[in-house]
Amino acid sequence: MTEAPAKRWRLLLYSDPKVGKTTLAETTVGPRLILDAEGGTSWMATETIEWDPRNPPPTGLGPDVSVVAHVTSWDQVEMANSWLQKGDHEFRSVVLDSLTEIQKVCKLAITQDGFKIQDWGTLYDKMDPVLREIRDLTSHPTNPLWQVVITALAKVQDEKIMPDIQGSMARSLAGQIDTIGYLRTGAMAPDGSVSRELVVDPSSKLYAGDRTKILRRTFKGVVPIVLNEDTDEIQWNLGQLLKFMNQTKETQ
């Protein structure tokens, strides 16, 4: 995409480890900022620039550059968000990878003596305003982002697959996001490769949802994500899906 979309997209993307959520998140519209708390950006396909949020964001970025800030403390998330809120940057998308790990980092910022039940309220009060501000970057008054993607690991709770986000944050975040998608492995192709599927339809066994309705209606709730193992190109990557949703919206 070269022109700013009329509709912008906020996605909560979760999966089991090593299924490919970071690889898929890397396909947001660039240049993109990735706040990496998992260390999953070491082998990305795109050109990568490292950034310390204590300094201003880099400039002169190409259209498919990934700027990576390695998150080891909650302060780094807050500093990166401060730059984003100012709007003086070249990013088109931002990725938090992953909220599961970022939540652990924030816990350490509160206490290193063992997390107690009374600390949950403090954790929520510390994280929720920042996450809301990052979510709302798609409607920033001077430099709105095109996509905001928050990743998480998956867990099974009460026999249901859901994002591994602890405490009240899970419920709060669900109301802030356009699409909640579970990335899983799909069927094996004739050449032996394994595709991925982004499930956006909720069920009794799976936590998901699509406020746009476009993905649910077009793909019957399961978006096929096909990775070419030789070229690393992805069919129905996140940039393509944003463009498709805008084109579909225009014809409705």
Side-chain angles (χ1 to χ4, degrees), residues 1 5-29 93-100 131-132 134-135 138 145-189 193-228 233-252:
M1 292 184 71
K7 295 290 185 179
R8 297 156 196 266
W9 191 27
R10 300 169 298 186
L11 168 68
L12 173 58
L13 171 68
Y14 73 106
S15 74
D16 295 326
K18 302 296 186 293
V19 171
K21 65 181 183 303
T22 302
T23 299
L24 184 58
E26 187 189 355
T27 65
T28 54
V29 177
S93 305
V94 65
V95 178
L96 273 62
D97 189 28
S98 69
L99 187 56
T100 305
L131 290 178
R132 287 179 181 273
I134 292 175
R135 170 206 67 182
T138 52
L145 291 176
W146 298 11
Q147 292 176 296
V148 171
V149 176
I150 299 174
T151 77
L153 292 172
K155 67 178 180 181
V156 178
Q157 181 174 311
D158 299 326
E159 299 184 349
K160 188 169 187 174
I161 302 172
M162 60 181 59
D164 188 4
I165 303 170
Q166 297 180 325
S168 303
M169 190 64 60
R171 183 179 297 275
S172 173
L173 186 62
Q176 303 172 22
I177 293 295
D178 299 317
T179 304
I180 302 171
Y182 174 61
L183 186 66
R184 68 187 183 190
T185 54
M188 182 174 292
S193 63
V194 179
S195 63
R196 307 292 189 269
E197 296 175 339
L198 182 64
V199 185
V200 298
D201 237 355
S203 69
S204 60
K205 298 293 185 181
L206 181 68
Y207 190 77
D210 179 36
R211 184 179 294 158
T212 75
K213 300 182 179 66
I214 295 172
L215 300 181
R216 288 196 293 111
R217 291 171 177 171
T218 304
F219 298 100
K220 309 302 182 184
V222 182
V223 183
I225 307 295
V226 182
L227 172 64
N228 186 317
E233 292 183 2
I234 296 177
Q235 180 183 356
W236 289 121
N237 65 47
L238 298 186
Q240 291 170 342
L241 287 173
L242 176 65
K243 182 177 181 179
F244 171 77
M245 288 190 289
N246 273 272
Q247 291 173 337
T248 304
K249 200 71 178 178
E250 292 172 1
T251 59
Q252 288 182 345

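Remember, it's a predicted structure, so these values are computed and weren't measured experimentally.
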Who passes side-chain hydrogen bond (donor to acceptor under 3.5 Å, both in side chains) against [X], sequence neighbours left out?
{"X": "T151", "result": "D97"}
{"X": "R10", "result": "D178"}
{"X": "R184", "result": "E197"}

Within the distance-only criterion (no hydrogens, no angle test), does the side chain of T27 pair as donor or acceptor with the backbone N or O of L238 below 3.5 angstrom?
yes
I214 backbone acceptor or donor facing T218 side chain under 3.5 Å:
yes
Does anything in residues 155-180 form a ring pair (Phe, Tyr, Trp, His ring centres under 6.0 Å)? List the pairs, not counting sequence neighbours.
none
Looking at CG of L241 and CE of M245, how far apart are the two atoms once the value is rounded to the nearest 0.5 Å?
6.0 Å
Straight-line distance of L11 CG to L198 CG, nearest 0.5 Å
6.5 Å
Using ring-ring contact (aromatic ring centres under 6.0 Å, His included) as the criterion, list what pairs up with F219, not counting sequence neighbours.
W236, F244
Do [X] and [Y] have side chains that approach each other closer than 4.5 Å (heavy atoms only, starting at C-beta)?
{"X": "L131", "Y": "M169", "answer": "yes"}
{"X": "N246", "Y": "W146", "answer": "no"}
{"X": "Q235", "Y": "S195", "answer": "no"}
{"X": "L24", "Y": "R196", "answer": "no"}
{"X": "R8", "Y": "L145", "answer": "no"}
{"X": "L99", "Y": "L173", "answer": "yes"}

Taking side-chain contact (heavy atoms from CB on, under 4.5 Å) as the definition, give me every residue that meets it alongside T23, ordered by chain and number, with sequence neighbours left out.
I234
Who pairs with R135 by salt bridge (Lys or Arg N to Asp or Glu O under 4.0 Å), at least two apart in sequence or on another chain?
none
Hey, could you give me each pair passing salt bridge (Lys or Arg N to Asp or Glu O under 4.0 Å) that has a residue in residues 151-167? Not counting sequence neighbours.
E159-K205
Hey, is CD on E233 packed in by over 12 heavy atoms from elsewhere, all under 6.0 Å?
no
Applying side-chain hydrogen bond (donor to acceptor under 3.5 Å, both in side chains), which residue pairs with at least one partner in residues 12-21 are found, sequence neighbours left out?
D16-Y182, K21-E38
